[in-house]
Amino acid sequence: MKSKLKSIVLLAVLSWGGLTAQTYDYPFRNPDLPLDVRVQDIISRLTLEEKVQLMKHAAPAVPRLGIPAYNWWNEALHGVARTKEKVTVFPQAIGMAATFDTEALQKMGDMTSSEGRALFNEDLKAGKTGEIYRGLTYWTPNINIFRDPRWGRGQECYGEDPYLTGKMGTAIVRGLEGNDPHYLKAVACAKHYAVHSGPEGNRHYFDARTSLYDLWDTYLPAFRELVTKAKVHGVMCAYNRLEGQPCCGHNELLQDILRNQWKFDGYVTSDCWAVTDFAHHHKTHSNDIEAVADAVLKGTDLECGNLYQKLQEGVQQGIISEKDINVSLARLFKIQFKLGMYDPADRVPYATIGREVIECDAHKAHAYKMAQESMVLLKNNKNILPLNASKIKRIALIGPNMDNGSTLLANYFGVPSEIITPYKSLKKRFGNTIQIDTLTGVGIVQKLEGAPSFAQVAAQAKKADIIIFVGGISADYEGEAGDAGAAGYGGFASGDRTTMKLPPVQTELMKELKKTGRPLILVNMSGSVMSFDWESRNADAILQAWYGGQAAGDAITDVLFGDYNPAGRMPLTTYMNDEDLPDFEDYSMANRTYRYFKGDVRYPFGYGLSYTTFGYAPLQNASTVKTGESIQVTTTVTNTGKRAGDEVVQLYVSHPQNGNTRVPLRALKGFKRIHLDKGESRQVTFTLSPEELSLVDEKGNQVEKEGTVELYIGGGQPYKSEGSFGELKIEGEKYVVY
């Protein structure tokens, strides 16, 4: 048996490189042994000092056992991030949410993990595995709810709706982690758990307070979806406290809900330096030793930071045991074993992925497709779009983002070999047939020193047939604390916005451009919504382009000139003005998002225009359903317009009489993006499960009860789109959804 084991070990050495054969003469190196046996064997050979060091994100090597250094910190929000190599960069997460296309997002995750695997495989063979942003444990996706449009990190999320967030988050998890029964392609991580949606400025000491209703109706559903259905292998706990306890030391969140109720068997990492906050900012612990011990005892297995070495002192003081440490360490090693880090290369299906996948044609094409699908046409007065290139001789291209490649990359980004801005795209496509006058005109938040006056810019623009203003903001003005927060309009709070308005200086310039009488088209780049007060009334067309990644310029040109029919939908509500927003620190969902906001809005969640029209046949569904049973709802969608296009079919459910003191006005419970040629029809069916027909009660229980449910299927919400209504009666005893 021993000689057989040595041969297996030697094969591993020849495949991966490393120390001498006898160094690996341990059962944990045998890929044919049960996983738990291998994990317990490797833990049994470590000293306490080695164990606690391996529970930090920058885990050092243990040469005597052949354990390589490994850095758990990596990012893959919209492509592999922060790497030295050129990689494929997809649209920012909020833009991908606007596609309402789970298949495309899963494919994006698969492509991203392929590029990451290629880099990791090279490092592993070279014995260079400890560098930050090179591992396979991606701290993605961010599935916090974008409850307030001022939150700078909202761009990293999938919008304001728990259902959409859960489905999009599930898609990227499955794409990143792969479908092999034994090995993980990469490891996804659902963050930030939980009740974390800004503000950024005080996140290290903020105590989020919310009702049990809002906790289970809004803040936890996406996490439950990713843990119980997508089987995500990582969870990151948040900086803030929840009801007085730090989230990374929260017994109810980490033990009762995550481990006991949801049966999570992956690893939990702290947000970076969040455990330091326990004693120094939250003031919930008297010192760092108590903090690290409590974090591990509550379920935070890995620290992103530099305190967990103090666990050794915690053991010596008797406030935590080595056995407790072994529990967390076992979870971490299981992840590494599932990645194949201790197995021969020929046993790991992803070990042969090579550099040829990075920025390959298929990946670049998919980044282009997702950029196209993300575009949301908000206004198209008198069908001015699409533009007819044969009738245009001159374009005035103006604005701070017309040729700003960095804006397209957003935050948590990689860098591609080529970034296609709107200017580059227009120049490439029409440079020989249309005169393109480029006039930056204004910075994102300020006038440009030494630049022509707004009146002079307008005078020059008047010579053109049409004005395209590419404005908005950038990740310099919205993002994570420390990474964003450049001084500018309205003031900023560590990356958060203090107003939904477009920077006034841009609106001022557009007012001058409007006076020219030339058609004015606004292309807006942002990771959140702009209120568009003046713009919605005065621009001839508005295209919400988000931060579209490396191919954004071509996608914008395609939409403007009709080579692509837009079908993106808003994953956020565009409120009329700042006064519609509750206090940023108020975590109640009352009067927030489309599910609870009762006022008028400018562009609702789920809204987006097309260059064609769609008709919906009456709904087909049973009139009654018993609690605990599923039901199918069907309609036929027809392209009634003059050109082919995509439609995002959306199913909304409302409970007008239910006995709850609180209930959503309506809630998305199904969506599907389909393509229809001119005149084509397609039947679309949704299955509504007991979970999707249930409501959350005031104690946080999810229950299905007798009552009438109103159904609606259309291209948006009931009051803003064509569609079909239906009604369903639920009968039977109360059914508790687990």
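Throughout, residue positions are numbered sequentially from 1 according to the sequence presented.
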Residues L688, V653; criterion side-chain contact (heavy atoms from CB on, under 4.5 Å); working and verdict: CA-CA 10 Å; L688 284 168; V653 174; 4.1 Å; yes

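- By the 30° and 60° cut-offs, the orientation of the rings of Y712 relative to Y652 is tilted.
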Intermediate values then yes/no, side-chain hydrogen bond (donor to acceptor under 3.5 Å, both in side chains), N411 and E156: CA-CA 8 Å; N411 72 348; E156 303 172 25; 3.0 Å; yes

side-chain hydrogen bond (donor to acceptor under 3.5 Å, both in side chains) between T687 and S630, worked out: CA-CA 7 Å; T687 299; S630 297; over 6 Å; no

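- I556 places a side-chain heavy atom less than 4.5 Å from the side chain of M525.
- Contact annotation: the side chain of K669 never approaches that of F686 to less than 4.5 Å [non-hydrogen atoms, C-beta and beyond].
- Between the T640 side chain and the T613 main chain, a donor and an acceptor come within less than 3.5 Å of each other.
- Taking OG1 of T635 as the start and CG of L711 as the end, the distance is 11.5 Å to the nearest 0.5 Å.
- Using a distance-only test at 3.5 Å, with no hydrogens or angles considered, a donor-acceptor pair links the side chain of E680 to the main chain of D677.
- The line from CG of L378 to CD1 of I542 is 6.0 Å long, rounded to the nearest 0.5 Å.
- Looking at residues two or more places apart in sequence or on another chain, you find a side-chain contact (heavy atoms from CB on, under 4.5 Å) between T612 and N565, S610, F614, N639, R643.
- The shortest side-chain heavy-atom distance between T165 and F146 does not fall under the 4.5 Å cut-off.
- The shortest distance between side-chain heavy atoms of P690 and E629 does not fall below 4.5 Å.
- Heavy atoms of other residues, nucleotides or ligands lying less than 6.0 angstrom from NZ of K729 number 12 at most.
- Applying the side chain to side chain donor-acceptor pair (under 3.5 Å) rule to pairs touching residues 536-547 yields E478-Y547, N524-Q544, S526-Q544, D533-R537, S536-R602, sequence neighbours excluded.
- Salt-bridge formation is not detected for the pair R682/E647: no Lys NZ or Arg NE/NH1/NH2 atom is positioned less than 4.0 Å from an Asp or Glu carboxylate oxygen.
- Looking only at atom types and distance, the side chain of D554 has a donor-acceptor partner in the side chain of S425 under 3.5 Å away.
- Distance alone, capped at 3.5 Å, places no donor-acceptor pair between the D110 side chain and the S114 backbone.
- Counting non-hydrogen atoms of other residues, nucleotides and ligands closer than 6.0 Å to CD of E722 gives a total of 12 or fewer.
- Residues M570 and V529 meet the side-chain proximity criterion, which asks for heavy atoms closer than 4.5 Å.
- Taking the six-membered ring where the residue is Trp, F430 and F561 present tilted rings, their angle falling between 30° and 60°.
- Seen from the ring of Y611, K678 does not count as a face-on cation partner, given the 6.0 Å and 45° thresholds.
- Summarising the geometry, atom OG1 belonging to T627 is positioned 10.5 Å from atom CG belonging to L693; distances are rounded to the nearest 0.5 Å.
- When the shell of 6.0 Å around OH of Y603 is examined, it contains more than 12 heavy atoms from other residues, nucleotides or ligands.
- Closest approach of M375 to A552, counting heavy atoms only: CE-O, 4.2 Å.
- Between the side chains of Q702 and S694, at least one donor N or O sits under 3.5 Å from an acceptor N or O.
- V737 places none of its side-chain heavy atoms less than 4.5 Å from the side chain of V703.
- Contact annotation: the side chain of I473 approaches that of M530 to within less than 4.5 Å [non-hydrogen atoms, C-beta and beyond].
- Classification of R429 and D558 as a salt-bridged pair holds, one side-chain N sitting under 4.0 Å from a carboxylate O.
- The closest donor-acceptor contact from the side chain of D580 to the backbone of M576 lies under 3.5 Å.
- Scored by the side chain to side chain donor-acceptor pair (under 3.5 Å) test, S681 finds T638 as partners (sequence neighbours excluded).
- For the 3.5 Å distance criterion, the side chains of Y596 and D214 fail to qualify, holding no donor opposite an acceptor.
- No side-chain N or O of R147 forms a donor-acceptor pair with one of T593 less than 3.5 Å apart.
- Side-chain atoms of R153 never come within 3.5 Å of backbone atoms of W151 as a donor-acceptor pair (strictly under, hydrogens ignored).
- Between the Q650 side chain and the G715 main chain, a donor and an acceptor come within less than 3.5 Å of each other.
- The number of heavy-atom neighbours closer than 6.0 Å to NZ of K379, taken from other residues, nucleotides and ligands shown, is above 12.
- Within 6.0 Å of atom CG in D600, 12 or fewer heavy atoms from other residues, nucleotides or ligands are found, so the atom counts as exposed in its surroundings.
- Remark: the D161 side chain and the Y594 side chain contain an N/O donor-acceptor pair separated by less than 3.5 Å.
- A side-chain contact (heavy atoms from CB on, under 4.5 Å) with Y575 is found for one member of N577, T573, L572 and no other, namely T573.
- In this structure, the side chains of F469 and I521 stay at 4.5 Å or more apart for every pair of heavy atoms.
- Side chain of R224 to main chain of V227: no donor-acceptor pair is present (N/O by atom type, distance under 3.5 Å, no hydrogens or angles).
- Between the side chains of T218 and R595, at least one donor-acceptor pair of N or O atoms lies under 3.5 Å.
- Checked for salt-bridge contact, K626 and E733 miss the test: no charged N lies under 4.0 Å from a carboxylate O.
- A salt bridge is absent between K185 and D180; no separation between the charged side-chain nitrogens and carboxylate oxygens falls under 4.0 Å.
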